[in-house]
Engineer: 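Pasting a structure here, questions to come.
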Amino acid sequence: MIDLRLLRDDPDLFRASQRARGENESSVDRLLSADEARRSAVQRFEGLRAEQKTLGTEIRQAKGDEKTALLERTKQLAAEVKAAEAAGAEAEDELRQAHLAVANLVEPDAPPGGEDDYIVLKEVGVKPEIADPKDHLALGELLGAIDTPRGAKVSGARFYYLTGIGALLENALLQLGIQQAVENGFIPMVPPVLVKPESMEGTGYLGAHASEVYHLPADDLYLVGTSEVPLAAYHKDEILDLDGPRRYVAWSTCFRREAGSYGKDTRGIIRVHQFNKAEMFVFCAPEEAQAEHKRLLAWEEELLGKLELPYRVIDTAAGDLGSSAARKYDCEAWLPSQGRYREVTSTSNCTTFQARRLNIRHRDAEGKSQTVATLNGTLATTRMLVPLLENHQQPDGSVRVPKALQPFLGGRDLLEPIK
RNA sequence: GGAGGGUUCGCCUAGUGGCCGAGGGCGGCGGUCUUGAAAACCGCUAAGGCAGCGAUGUCUUCCAGGGUUCGAAUCCCUGACCCUCCGCCA
């Protein structure tokens, strides 16, 4: 949710932001009038309620006819108060709906435009020269690392088994990520992956992404598509004592329905219903959010460096931002088999948008409570196996293990085809 | 799945219809005293909305939602969550 005070002061700021996203700016005006309507409803209710309270004390002391007269008056007043309260609740409700409908204020420097209007900030590393590269699935099958037919047999399309060295490799990757984060002061977490509707709503995933989310109707719980959800909700309704950014790194399984992606990335494990991820999540003072965002990006890059992968960093265009994000950077790793870069990490600065929904605050320098900023970023994820296998493949189908991963694989430096 | 108990201000707790947004203890902050500290004593110590330049005023919130009443932390109904016991259990 956006800051209503800022909206009152400068509605054009939000209209411009909505335009940059390619969204309707009428939602801003709807919110403005809902805000106006609520304020007048609240004032009417409060006036009546104050009178009711005053008369209430007078009745206690009154006697005889005087008391009868007062009771007569207050009875009528009680009905008015009730009506005003109902009107207030209705106005409140409309305000909330209108409030939820407005996306976060985009950072002014974010590139305008849609999905294809990203800006490439940099390219890092050297793309390997591989004649006739095998793709990750072919390599995974040679190594006995990935089994998609049996994934489909047991669970359906877009499910897979990681087997043997594949299972070990994923584990190594996530451990490397978590180790790096912990060394940098992150608090490691294993969060729940089933959450209540309010937690899902708080992070904004029941809006435009509702059809992407698995729901368990018998219990009214949702399977999270990212541990961002349980991490953000972790401090719901709390006032934090922050001395610098509060950083968490969570290991979790993620579940995505991938509705509407029929025919896209059907081969291998690029787009799947279930995967694992080490996710960074930060609560910090709003003033620090931009700098922290850069740091999250740097940590993502550091990990890709350790994996010795060629990648580029893109600055996502406003129209391609999630509704909670003010700015988003993606790291895309090079895929030799496709001859292009594919997203492997994504870091978003949600400023105070998420925290306002979840009611998470901290004490500022003057001791006043203030909404915090939240940020998230991918560290390591199952999908990274794809560039890892492809970029480090050898002509015979074996795969070189980057130095940083070797300690997590019992020192192995080469994965060889089984038979 | 069944039976019972519980949910009040950071924590513990008092409070069974108006004097309660709410008392006490602990903790925290400030002060007196002290060379310094401790102890003792004194004071302050929930969040949020609205109006106002401000001082301030006003309203909401005692798990949530409904109800009774002129008036609800307090009475009634529904629900959520927690605890204990029994049953079941990959």
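Protein chains get the first letters and strands the later ones, always in sequence-line order, with residue 1 at the start of each.
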Engineer: State which of rG48(B), rA51(B), rC59(B) makes the closest approach to the side chain of A50(A).
Structural biologist: rC59(B)
Engineer: Counting the atoms with a prime plus P, OP1 and OP2 as sugar-phosphate, which does R96(A) contact under 4.0 Å by heavy atoms, base, sugar-phosphate, or nothing?
Structural biologist: nothing
Engineer: Would you mind classifying the nucleic acid contact of K196(A) as base, sugar-phosphate or nothing, using non-hydrogen atoms under 4.0 angstrom?
Structural biologist: nothing
Engineer: Which is true for R44(A) with a 4.0 Å heavy-atom rule: it touches a base, it touches only sugar-phosphate, or it touches nothing?
Structural biologist: nothing
Engineer: So what does R356(A) touch, heavy atoms closer than 4.0 Å: a base, only the sugar-phosphate, or nothing?
Structural biologist: nothing
Engineer: With respect to the side chain of R361(A), which nucleotide from rG71(B), rA51(B), rG48(B) is positioned closest?
Structural biologist: rG48(B)
Engineer: Whole-Å distance between rC11(B) C1' and D241(A) CG?
Structural biologist: 15 Å
Engineer: Assess, by modelled atom type and distance only, whether the side chains of E170(A) and T382(A) contain a donor and an acceptor separated by less than 3.5 Å.
Structural biologist: yes
Engineer: In whole angstrom, give me the gap between the C1' atoms of rU45(B) and rG21(B).
Structural biologist: 15 Å
Engineer: If you check the S369(A) side chain, which of rG48(B), rG49(B), rC59(B) turns out closest?
Structural biologist: rG48(B)
Engineer: Find the partner of rU69(B): check Watson-Crick (N1-N3 plus N6-O4 or O6-N4) and G-U wobble (N1-O2, O6-N3) distances, both under 3.5 Å, and reply none if neither fits.
Structural biologist: none
Engineer: Any donor-acceptor pair under 3.5 Å linking the side-chain atoms of Y248(A) with those of H235(A)?
Structural biologist: yes
Engineer: Distance between the C1' atoms of rC77(B) and rG10(B), in whole angstroms?
Structural biologist: 33 Å
Engineer: Kindly point out which of rG71(B), rC50(B), rA46(B) is positioned nearest to the side chain of R363(A)?
Structural biologist: rA46(B)
Engineer: Taking CD from E46(A) and C1' from rG48(B), how many angstroms apart are they, rounded to a whole number?
Structural biologist: 11 Å
Engineer: Between rG71(B) and rU32(B), how far apart are the two C1' atoms, rounded to whole Å?
Structural biologist: 45 Å
Engineer: Checking contacts here: which listed nucleotide (rC50(B), rC70(B), rU60(B)) is nearest the side-chain heavy atoms of R8(A)?
Structural biologist: rC50(B)
Engineer: How do K75(A) and K53(A) order along RNA chain B: which one's closest nucleotide is nearer the 5' end?
Structural biologist: K53(A)
Engineer: Could you let me know what rA3(B) is paired to, Watson-Crick or G-U wobble, both distances under 3.5 Å, or none if it's on its own?
Structural biologist: rU84(B)
Engineer: Would you classify R73(A) as touching base, sugar-phosphate or nothing, given that sugar-phosphate means primed atoms plus P, OP1 and OP2, and contacts are heavy atoms under 4.0 Å?
Structural biologist: nothing
Engineer: Could you please spell out the steps behind the side-chain hydrogen bond (donor to acceptor under 3.5 Å, both in side chains) verdict for E300(A) and Y329(A)?
Structural biologist: CA-CA 10 Å; E300(A) 293 180 350; Y329(A) 304 114; over 6 Å; no
Engineer: Roughly how far apart, to the nearest Å, are rG2(B) and rU68(B) at atom P?
Structural biologist: 31 Å
Engineer: Out of the candidates H273(A), R257(A), R256(A), only one should pair with Y214(A) under the side-chain hydrogen bond (donor to acceptor under 3.5 Å, both in side chains) rule; please name it.
Structural biologist: H273(A)
Engineer: How many Å lie between CD on E92(A) and P on rU61(B), as a whole number?
Structural biologist: 12 Å
Engineer: Rounding to an integer number of Å, can you tell me how far K236(A) NZ sits from rA47(B) P?
Structural biologist: 19 Å
Engineer: Looking at R73(A), I want to see if its CZ is surrounded by more than 12 non-hydrogen atoms of other residues, nucleotides or ligands under 6.0 Å.
Structural biologist: yes
Engineer: Expressed in whole Å, how much space separates the P atoms belonging to rG67(B) and rG43(B)?
Structural biologist: 43 Å
Engineer: In whole angstrom, give me the gap between the P atoms of rG66(B) and rG52(B).
Structural biologist: 30 Å
Engineer: Would you mind reading off the distance between L4(A) atom CG and rG48(B) atom C1', rounded to a whole angstrom?
Structural biologist: 13 Å
Engineer: Which part of the nucleic acid, if any, lies within contact of L71(A), taking any heavy atom under 4.0 Å across all strands shown: a base, the sugar-phosphate backbone alone, or nothing?
Structural biologist: base
Engineer: Using purine N1 to pyrimidine N3 plus N6-O4 or O6-N4 for Watson-Crick, or N1-O2 and O6-N3 for G-U wobble, both under 3.5 Å, which nucleotide pairs with rG43(B)?
Structural biologist: rC29(B)
Engineer: Heavy atoms only, 4.0 Å cut-off, all strands: where does Q76(A) land among base, sugar-phosphate and nothing?
Structural biologist: nothing
Engineer: Closest nucleotide of RNA chain B for R5(A) versus for E85(A): which of these residues is on the 5' side?
Structural biologist: R5(A)
Engineer: For the side chain of I239(A), counting heavy atoms from C-beta on, which of rU68(B), rA47(B), rC59(B) is nearest?
Structural biologist: rA47(B)
